[in-house]
Amino acid sequence: MHNAVIRSSGLWTPPESVSNDELVACYNAWVEQWNARNADAIAAGTLQAKEPSSSGFIEKASGIQSRYTIDKAGVLDIDRMRPGVRRRGDNEISVMAEAGLVAAKAALEAAGRDPSEVDGVICSATTMQRTYPCIAIEIQNALGIKGFGYDMSVACSSGTFGLINAVNAIQTGQARSVLLVTPEITTPQLNFRDRDSHFIFGDVAVALLVEREEDGLDGWSVRNMQMKTVYSNNIRSNFGFLNACETPEPGFEDRYFVQEGRRVFKEVCPMVADLILKQLAANNLASTDMKRLWLHQANINMNMMIARKVFDREFSEDEAPVILNEFANTAGAGSLVAFHRHSDGFAAGEKGLMCSFGAGYSVGSVILEKRAA
Ligand code: CO8
């Protein structure tokens, strides 16, 4: 059995970001157009007029101020309202591999490692651009890594569940060094014409380099890992390979992300806090031993509620950092991006906890301990 460490992390963000005001202006222009087009049916009471969205609501309900997207022009084009992606040839790199590769290279560079020192690549994300060949194998090939690569997916817990798989590979001796890559290209799965959810997600890619502890001095030792899943339909996407064969054929809307946001909020927060508190107790730790929580970034009020339950007191932003304002919800990448952006200021021996939660339902929680300062 070998101890595993997170040696380094890397990030990719698309060059363009969309503010709440820009998103809302486009949505509201479309609503006006839709209501005018359906004025007769609305007047006759057979259709309900659509309500406008508001930046104030979005920021208050979610903490989101902007989100990155792979195509701002497409998202803000009232006749399109979804990102445009040029179809790439089979010999060109895929969109997900391209994004993941930038994050992976940044993680390697941060650790001063060469791809030849890595044994495997795990690509863990909410949705894969294609079924096969694996995106992970494409990234492995682009980096010239020998060994193995595979894809996996657990919605918003993809990052932490992927990390747990990488750590398992190190602990069992299957690999000495694994790159976990989480490219979350979420905006194509988002219905930008749905008032309840059009603001929620953004695109990003993050990577962690996970190695044997003894292969370096620095990084974060992985002290404990927990996973929990409970079946729920409250966050759902019916997009899948059977869509083209289904009778009746699903409409475009059926293929998007949908959720019962309020129910998710009420059911997931206690599940997460309970798992974290039990995990700490089982490891003879208290919340006072945690310098920082790197929580999944779905909603600021959810994060506040979970952190308050775990700390059992008011806490500072430094203890539970929020990246939602800049990134929005980046699905499986959220807690890893929070870690990447806010892992400074730890002395050797100080601990923090990375936790994701979301569709499934799923919770993944990992206790980390800083090695050399
Ligand atoms: N503008 C203005 N008003 C609005 C808007 C809007 N855009 N939307 C809703 N309202 C109104 C409603 O009509 C309602 O009005 P009224 O009170 O008059 O009925 C009022 O605002 C309140 O509406 P809600 O109750 O829906 O608002 P909430 O306070 O619950 O906030 C949230 C909505 C932000 C969605 C919140 O419920 C939330 O964040 N819940 C948690 C959801 C969550 O964490 N989901 C995780 C999903 S991510 C995941 O698991 C991964 C899935 C894979 C990702 C795939 C990528 C696409």
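Hydrogens, waters and symmetry mates are skipped; everything else that's a heavy atom, side chains included, is used. Read the numbers this way: they start at 1 and go in the same order the structure lists the ligands and their atoms.
- If you look at Ile235 next to ligand 1, the close heavy atoms, those under 4.0 Å, all belong to the side chain.
- Looking at Asn20 and Glu59, their side chains never bring a donor and an acceptor atom within 3.5 Å of each other.
- Near Ala298, the atoms of ligand 1 lying under 4.0 angstrom from a non-hydrogen atom of the residue are 44 (O).
- Set against the non-hydrogen atoms of Thr186, the atoms of ligand 1 under 4.0 Å away are 56 (C), 57 (C).
- A salt bridge (Lys or Arg N to Asp or Glu O under 4.0 Å) with Glu211 is found for one member of Arg113, Arg176, Arg371 and no other, namely Arg113.
- Annotation: Ala359 places an N or O atom under 3.5 Å from an N or O atom of ligand 1; distance criterion only.
- Counted by atom type alone, Gln189 and Ser237 present zero donor-acceptor pairs between their side chains at under 3.5 Å.
- For Trp30 and Phe192, the ring centers sit 6.0 Å or farther from each other.
- Looking at Ser54 next to ligand 1, an N or O pair under 3.5 Å apart turns up.
- Ranked by closest heavy atom to atom 12 (C) of ligand 1, the top entry among Arg195, Met302, Lys60 is Arg195.
- For ligand 1, the atoms lying closer than 4.0 Å to a non-hydrogen atom of Asp196 are 8 (N), 9 (C).
- Looking at Thr126 and Glu184, their side chains do bring a donor and an acceptor atom within 3.5 Å of each other.
- Scanning all protein heavy atoms for the shortest distance to atom 40 (N) of ligand 1 gives Gly261 O, 3.0 Å.
- Relative orientation of the Phe327 and Tyr68 rings is tilted, given thresholds of 30° and 60° on the angle between their planes.
- Checking Glu246 against Asn243 by side-chain atom types alone, a donor-acceptor pair falls below 3.5 Å.
- With distances taken over non-hydrogen atoms, the option nearest atom 49 (C) of ligand 1 out of Ser237, Cys269, Gly358, Cys156 is Cys156.
- Of all protein heavy atoms, the one closest to atom 30 (O) of ligand 1 is Arg262 NE, 2.7 Å.
- Protein heavy atoms are found inside the 4.0 Å sphere centred on atom 45 (N) of ligand 1.
- Protein heavy atoms are found inside the 4.0 Å sphere centred on atom 27 (O) of ligand 1.
- Defined by atom type and a distance below 3.5 Å, a donor-acceptor pair is present between the side-chain atoms of Asp114 and Ser116.
- Counting only N and O atoms by type, the side chains of Ser221 and Glu213 include a donor and acceptor under 3.5 Å apart.
- Residue Asn299 approaches ligand 1 through these ligand atoms, each under 4.0 Å from one of its heavy atoms: 34 (C), 36 (C), 38 (C), 39 (O).
- At a distance under 4.0 Å, a protein heavy atom can be found next to atom 3 (N) of ligand 1.
- Hydrophobic clustering, with ILVMFWY side chains joined whenever heavy atoms are under 4.5 angstrom apart, groups Phe315 together with Ile300.
- A donor-acceptor pair shorter than 3.5 Å cannot be found between the side chains of Asn191 and Arg82.
- The presence of a protein heavy atom under 4.0 Å from atom 18 (O) of ligand 1 is ruled out.
- Checking only distances, Asn329 never comes within under 3.5 Å of ligand 1, N or O to N or O.
- On a distance-only criterion, Thr126 and ligand 1 share no N/O pair closer than 3.5 Å.
- Taking all heavy atoms of Tyr361, Phe57, Phe357 into account, the minimum distance to atom 22 (C) of ligand 1 is reached by Phe57.
- No option in Ser362, Ser124, Ser335 other than Ser362 meets the side chain to side chain donor-acceptor pair (under 3.5 Å) test with Ser157.
- Of the protein's non-hydrogen atoms, Gln259 OE1, 3.2 Å is the one closest to atom 42 (C) of ligand 1.
- Considering backbone and side-chain atoms alike, His296 places every N or O at 3.5 Å or more from each N or O of ligand 1.
- In terms of protein heavy-atom proximity, atom 55 (C) of ligand 1 is closest to Gln189 OE1, 3.4 Å.
- The aromatic rings of Phe148 and Tyr150 lie parallel to each other, with less than 30° between the two planes, well short of the 60° mark.
- For the salt bridge (Lys or Arg N to Asp or Glu O under 4.0 Å) criterion with Glu369, the lone passing option out of Arg292, Arg223, Lys291 is Arg223.
- Residue Ala61 has at least one heavy-atom neighbour below 4.0 Å for each of these atoms of ligand 1: 31 (O), 34 (C).
- Of the protein's heavy atoms, at least one falls inside 4.0 Å of atom 7 (N) of ligand 1.
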